[in-house]
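Since this is a predicted model, take the numbers as computed values, not measurements. Positions are given from 1, in the same order as the sequence printed here.
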Amino acid sequence: MTGFFRDGCCTSGPQDLGSHSICAVVTAAFLANQRERGNDLTTPRPEYGFPGLRPGDRWCVVAARWLQAYRDGAAAPVVLASTNARALEIVPLAALREHAVDVPADPSSIA
């Protein structure tokens, strides 16, 4: 279950210091970029309710981490309708729109 509150939504609040507010469809390039930056998103962390991600998974990612990947040319596609407005405190709307997608029935097709 994604989201800081593990409610299936990219809900964010004062407790979410990282702003897990961008609904991304993670790609192999995004996951590799994050791993290179010390943010391993592929290894499960059951103590945090984190299953580990594979390309094609939809997940609420930290806005600043997504922005890093964007600047590195490895941004994951974004589901704008499911992204929290709080993301705009960190990421320009134009960058999110540039990577906006509708998630197909088989999300692995965009990985």
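Nearest heavy-atom pair, Asn84 versus Ser12, reported as atom, atom and distance to 0.1 Å: ND2-N, 3.6 Å. Closest heavy-atom contact between Ala76 and Trp66: O-NE1, 2.9 Å.
Once rounded to the nearest 0.5 Å, the distance linking NE2 of His99 with OG1 of Thr27 reads 10.0 Å. Put simply, CZ on Arg71 and CG on Asn33 are 12.5 Å apart, with the number rounded to the nearest 0.5 Å. To the nearest 0.5 Å, atoms OG1 (Thr42) and CZ (Phe50) are separated by 7.5 Å. In this structure, the separation between CZ on Arg65 and CD1 on Ile90 is 12.0 Å, given to the nearest 0.5 Å. Here SG of Cys23 is found 11.5 Å from CG of Leu96. Values are rounded to the nearest 0.5 Å.
One hydrophobic cluster holds both Leu41 and Ile22 under the rule that ILVMFWY side chains link at heavy-atom gaps under 4.5 Å. With hydrophobic clusters built from ILVMFWY side chains whose heavy atoms lie under 4.5 angstrom apart, Leu93 shares a cluster with Tyr70. The hydrophobic cluster containing Val62 does not contain Leu80, counting ILVMFWY residues as joined when their side-chain heavy atoms lie under 4.5 angstrom apart, directly or transitively.
In terms of the salt bridge (charged side-chain N to carboxylate O under 4.0 Å, His left out) criterion, residue partners of Glu89 (sequence neighbours excluded) are, by chain and number, Arg86.
Side-chain contact between Phe30 and Val61: present, with at least one pair of heavy atoms (C-beta onward) separated by less than 4.5 Å.
For the side chain to side chain contact (heavy atoms under 4.5 Å, CB included) test with Leu31, the passing option among Asn39, Leu53, Asp57, Asp40 is Leu53; the others fail.
Other residues, nucleotides and ligands contribute over 12 non-hydrogen atoms within 6.0 Å of the CZ atom of Arg37.
Disulfide status for Cys60 with Cys10: present, SG atoms under 2.5 Å apart.
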